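Notes follow the structure.
In this text the structure is predicted, and so the values were computed from the model without any measurement. As the structure lists them, so they are numbered: ligands from 1, and atoms in each ligand from 1. Each residue takes its place number in the sequence, starting with 1.
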Amino acid sequence: MRIGILGSGLMGGKLGTIFARAGHEVVFSYARSSQKLKHLAREASGTARPGTPREAAEQADALLLAVHWSRIDDVLDQAGDLSGKVILTCSLPMNADNSGLIVAHTSSGAEALAKKVAQAHVVSAFNTVPSEVLFGVFYASRRKTTRPSLVYCGDDGGAKKLTADLIKDVGFDPVDCGSLRIARYTEPFGLLMGEIAYGGKAGPELAYRFERFAEA
Ligand SMILES: NC(=O)c1ccc[n+]([C@@H]2O[C@H](COP(=O)([O-])OP(=O)(O)OC[C@H]3O[C@@H](n4cnc5c(N)ncnc54)[C@H](OP(=O)(O)O)[C@@H]3O)[C@@H](O)[C@H]2O)c1
């Protein structure tokens, strides 16, 4: 798959690297230094390369949107026409000091994004785990340990199938939560995960797993 990374920071840098190591063709874009994008592409190995947001979007089968909420309009502007594209967003609609959601309850960041790019297929994914756990999950999945869950939601069946495949490539067990509207619940859950990951003493390398039990 050809994957364009829009925002090559903690999440985009790591997920892009994992996608490349899983065999995908990755373009890293949108950082404040082109040196950083070159470095990420070199370290990711495979066919990864640096590019502009427009280059990342042009040939992409999927785009990962991983920027602070305040940068969404700028990066979308730079990416150009995204009609028909699959956009996986891990971006949470946080306020400037990252202390709270500025879109919640009656909408979500993912739904607000879908309104901005009405011709694209938005899927919300990867926003409920801290970046620090991603490499650990990826390498553990090769040892065939039990996989952690990862919730995702969206309105387009094809885009969701593609997202589920990428979630599996990273080493998670994808949990389909339904339509994009459910991002109203998954985004606050991402904040809960942040509290547990960064608020506790055990460190941020944290994932979660849903289990089902038969009724007694
Ligand atoms: N970090 C997590 O564990 C985590 C978990 C769940 C969800 N999220 C969400 O995922 C999204 C990305 O988070 P993150 O932690 O990956 O953020 P981040 O590390 O700050 O990455 C954002 C990227 O945007 C780039 N950027 C910022 N301003 C720019 C500008 N003016 N011009 C060009 N590039 C610019 C940054 O460049 P530089 O590389 O030069 O800084 C960086 O590459 C956020 O919406 C966050 O809420 C994060």
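The distance from atom CG of D61 to atom CZ of R2, rounded to the nearest 0.5 Å, is 4.5 Å. To the nearest 0.5 Å, atom CD of residue Q119 and atom NZ of residue K85 are 14.0 Å apart.
Of all atoms in ligand 1, numbered sequentially from 1 with element shown, those under 4.0 Å from a heavy atom of P130 are 3 (O). Numbered from 1 in the order shown, with element, the atoms of ligand 1 that lie under 4.0 Å from a heavy atom of S131 read 2 (C), 3 (O). Interface atoms of ligand 1 facing V129, defined by a heavy-atom separation under 4.0 Å, are 5 (C), 6 (C).
Nearest to atom 19 (O) of ligand 1 by heavy atom, out of T89, L64, L10, L15, is L10. One option in K36, M11, E132 has a heavy atom closer to atom 2 (C) of ligand 1 than any other, and that option is M11.
For atom 46 (C) of ligand 1, the closest non-hydrogen atom on the protein side is L92 N, 4.1 Å. Among protein heavy atoms, the minimum distance from atom 26 (N) of ligand 1 is reached at Y30 CE2, 3.7 Å. Given atom 6 (C) of ligand 1, the protein heavy atom at minimum distance is N127 O, 3.6 Å. Residue, atom and distance of the protein heavy atom nearest to atom 31 (N) of ligand 1 are R71 NH2, 3.2 Å. Among all non-hydrogen protein atoms, the one lying nearest atom 22 (C) of ligand 1 is A66 O, 3.7 Å.
Counting heavy atoms under 4.0 Å from ligand 1, residue N98 does not touch it at all. Both the backbone and the side chain of R32 come within 4.0 Å of ligand 1, judged by heavy-atom distances. In F28, neither the side chain nor the backbone holds a heavy atom less than 4.0 Å from any atom of ligand 1.
Among the atoms of G12, none of the N or O lies under 3.5 angstrom from an N or O of ligand 1. Considering backbone and side-chain N/O of V67, one or more are found under 3.5 Å from N/O of ligand 1. Between G9 and ligand 1, a contact under 3.5 Å exists for at least one N or O pair. Not a single N or O atom of S33, backbone or side chain, sits closer than 3.5 Å to an N or O atom of ligand 1. At under 3.5 Å, a nitrogen or oxygen of Y198, whether backbone or side chain, sits near a nitrogen or oxygen of ligand 1. Of the polar atoms of C90, at least one N or O is found under 3.5 Å from an N or O of ligand 1, judged by distance alone.
Residue pairs meeting the salt bridge (Lys or Arg N to Asp or Glu O under 4.0 Å) criterion with at least one partner in residues 115-136, sequence neighbours excluded, are D73-K116.
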Apply salt bridge (charged side-chain N to carboxylate O under 4.0 Å, His left out) to E111 and R184, showing your working.
CA-CA 9 Å; E111 290 167 278; R184 297 174 191 189; 2.8 Å; yes
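Using a 4.0 Å cut-off between charged side-chain N and carboxylate O, K160 and D156 make no salt bridge.
Partners of R209 by side-chain hydrogen bond (donor to acceptor under 3.5 Å, both in side chains), not counting sequence neighbours, listed by chain and number: E211.
Side-chain atoms of V151 and F210, non-hydrogen and from C-beta on, do get closer than 4.5 Å to each other.
F126 has its ring centre no less than 6.0 Å from the ring centre of Y152.
Contact between G51 and L37 at its shortest, heavy atoms only, is O-CD1, 3.8 Å.
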